[in-house]
> 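Please find one structure pasted underneath; my questions will follow.
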Amino acid sequence: MAAAEHNPLLDGLRLRRRPDGCILVIFGASGDLTSKKLIPALYSLAVRQLLPEHFGIVGAARTEESDDQFRERMKQAVQEHARDEFEQEVWDELAAGMHYITLDFADDKRENKLRDVLTKLDEERGTGGNRVYYFAVPPSAIGTIVDEIAARRVAEGWIRLIIEKPFGHDLQSARDLNTRLKEHFAENEVFRIDHYLGKETVQNMLALRFANGIFEPIWNRQFIDHVQITVAESIGIEGRAGYYEQAGAIRDIFQNHLLQLVAITAMEPPIDFTADSVRNEKVKVLKALQTPGPKHVIRGQYGAGFVEGEEVRGYREEEGVAPASMTETFVAAKLYVDNWRWADTPFYVRMGKRLARRETTIAIQFKRAPHPPFEDAAAEGLRPNVLLIHVQPNEGVSLAIGAKVPGQGMTIRTVHMDFLYGGAFREGLPEAYERLILDAMLGDATLFTRSDEIEEQWALVDAIVAFWQRDRPSFPNYASGTWGPATSDELLHRDGRSWRRH
Ligand code: BG6
């Protein structure tokens with residue numbers, strides 16, 4: 001077995017129960033998500049013996065492929081993308097319960113075929129009729145499949161539906177999808193994925209805030225000057241023009257990952273860590289978010305440039321992108337959470353592709369000390385305290401504090417107190433999908449988005465997109481490898497602040 005060395009800090013993991021036996025059906029199994037994320041995550045769960053004892057996987061998609069071809073393709077995917085070394089024995093066990101079926105729901109006979117495969121697998125693997133259906137398909141394809149699953153639901157066994165993003169493309173389509181799901185399934189059977197919630201560092205924000213006595217009393221407008229959240233990517237759209245042209249940064253990242261980071265940063269302490277308590281608090285934040293005015297939302301699109309030393313082309317030159325595309329690849333905004341805790345405290349957020357480097361951070365910038373008794377010159381290198389949560393990479397937390405420079409006199413400079421995951425816990429961090437797939441199997445929806453959260457998120461996006469219809473910025477307006485358009489810097493400069501550079 002890998003990970004054999006005993007690390008007492010990981011003991012908590014072993015307290016979790018193993019999920020009931022079940023079959024995981026992946027719709028859209030020929031897509032990238034399945035090979036790059038889902039199967040490698042399942043493999044890592046298998047390595048740690050966290051999967052159900054009785055377990056099967058059925059990949060389903062329109063592409064023609066045999067069981068053997070599917071298994072071989074997935075084996076290669078694991079070798080390429082899993083965080084663990086490949087172990088033949090672990091793979092053989094996982095692959096033994098793995099099947100593929102070519103499926104088009106418009107074709108009834110095929111649907112019977114899926115049912116036959118599942119019944120047979122239940123008998124072979126002892127999975128008791130329990131099902132996890134993973135929807136890695138576009139939103140338009142979800143409704144029909146959901147109807148079919150509901151119509152063929154058998155009495156025994158539980159059902160859980162994991163729905164990938166995008167969940168709709170605006171408020172109305174998300175509402176329609178929620179209504180369709182609610183016709184057949186209870187909210188606790190539906191698991192809407194936002195993979196950022198599966199990231200250890202995002203969950204650690206909850207630990208940091210609510211497991212420590214020192215942060216919560218100062219986590220408010222009286223002590224915090226402002227918050228900055230950055231979701232920067234150095235990659236472009238990676239051949240996903242068909243999707244991205246419709247989505248843009250506002251639907252791809254802002255609507256989901258970014259707003260969830262805002263919600264986790266701003267939420268009140270939940271009374272317990274159950275799915276409803278946590279999500280009740282998050283939805284309050286989303287409801288309290290003011291719609292920003294047009295001046296407070298900046299959009300950008302990347303032109304050609306250099307990223308990490310490599311020359312890259314502009315968005316409009318990417319394959320499949322319209323030559324005059326007005327799709328944004330960057331958004332920055334100034335948001336306000338209108339409640340007692342946060343009134344008048346700006347949350348500056350930015351996200352974009354082809355930025356200088358990959359970096360997701362949440363920076364809590366505290367107010368300056370009210371009366372430092374040093375001469376101005378002594379504290380020249382002193383910046384206000386910042387609590388920096390490194391979501392990725394270099395996962396950890398860092399607190400910027402003022403310290404005396406050794407030697408004569410009283411010179412003060414900013415230094416950092418750092419906690420790095422890599423140093424404190426020896427085991428590598430699990431991938432977000434490992435945690436989320438396991439939670440769904442266990443029926444724990446705490447780290448999934450509830451229907452009302454999704455709808456609040458879309459309501460904000462719809463309002464922004466509506467005022468975007470009124471003008472056409474001149475795109476491209478930032479070079480690849482920079483930190484976005486100049487207007488994004490101006491957004492903060494107007495308030496006498498600036499984006500962190502680190
Ligand atoms: C996905 C977006 O949800 O998140 C992608 O569709 C983006 O465009 C990705 O690249 C970023 O995820 P991560 O985990 O690499 O930060």
Side-chain angles (χ1 to χ4, degrees), residues 28 31-38 40-41 44 81-83 134-139 162-169 174 191-205 229-262 264 299-302 307-308 312 315 318-321 325 327-331 349-362 389-395 421 428-437 447-449 453-454 457-458 461 480 484:
D32 266 6
L33 186 79
T34 306
S35 52
K36 288 193 178 149
K37 298 286 182 192
L38 304 184
S44 290
H81 301 290
R83 69 183 172 109
Y134 199 116
F135 290 77
V137 294
I162 306 182
I163 320 263
E164 254 304 327
K165 65 171 275 250
F167 192 92
H169 61 271
F191 296 75
R192 298 171 195 79
I193 279 222
D194 183 315
H195 80 278
Y196 267 54
L197 295 177
K199 290 183 189 276
E200 283 293 326
T201 36
V202 174
Q203 293 161 53
N204 189 47
M205 181 66 147
I229 303 182
T230 299
V231 180
E233 295 187 274
S234 54
I235 53 170
I237 52 163
E238 307 221 287
R240 294 197 300 158
Y243 155 74
Y244 202 87
E245 275 279 86
Q246 303 303 316
I250 192 100
R251 293 186 178 84
D252 187 43
I253 301 278
F254 180 93
Q255 185 270 340
N256 37 80
H257 310 327
L258 192 282
L259 289 180
Q260 284 293 326
L261 294 181
V262 172
I264 295 237
R299 38 181 173 154
Q301 186 193 74
Y302 63 83
V307 177
E308 286 151 3
V312 297
Y315 178 71
E318 301 273 16
E319 209 180 310
V321 170
S325 171
T327 300
E328 79 289 345
T329 60
F330 176 97
V331 178
V349 300
R350 59 178 168 170
M351 69 237 63
K353 297 228 180 250
R354 285 286 189 232
L355 298 182
R357 61 172 177 270
R358 175 172 188 251
E359 174 193 304
T360 299
T361 48
I362 302 172
I389 289 95
H390 293 276
V391 174
Q392 62 190 25
N394 307 323
E395 290 81 357
Y421 271 85
L429 291 180
E431 282 286 324
Y433 280 97
E434 293 171 37
R435 169 70 194 239
L436 295 175
I437 293 172
L447 300 177
F448 293 83
T449 322
E453 286 181 84
I454 287 261
Q457 291 170 339
W458 276 122
V461 168
S480 288

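Remember, it's 1-based here, ligands and their atoms both numbered in the order they're listed. It should be emphasised that the depicted structure is a prediction, and the values quoted were computed from it without experimental measurement.
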> State which residues pass side chain to side chain contact (heavy atoms under 4.5 Å, CB included) with Q203; sequence neighbours excluded, sorted by chain then number.
R435, L447
> Name the residues in contact with ligand 1, where contact means a heavy atom under 4.0 Å away: which are they?
K165, H195, Y196, K199, E233, I235, R240, D252, H257, K353, R358, Q392
> Which pairs pass side-chain hydrogen bond (donor to acceptor under 3.5 Å, both in side chains) with one or both residues in residues 240-249, sequence neighbours excluded?
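Of all non-adjacent pairs touching residues 240-249, those that pass side-chain hydrogen bond (donor to acceptor under 3.5 Å, both in side chains) are Y243-D252, E245-Y315, E245-S325, E245-T327.
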> Do E328 and Y302 have a side chain donor and acceptor closer than 3.5 Å?
no
> Between E164 and R192, does at least one N-O distance fall below 4.0 Å, as a salt bridge requires?
no
> Please examine the side chains of T449 and Q260, heavy atoms only from C-beta on, and report whether any two atoms are closer than 4.5 Å.
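Q260 vs T449: side chains touch.
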> The criterion is side chain to side chain contact (heavy atoms under 4.5 Å, CB included); which residues satisfy it with S234, sequence neighbours excluded?
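S234: side chain to side chain contact (heavy atoms under 4.5 Å, CB included) contacts with V307, E308, R358.
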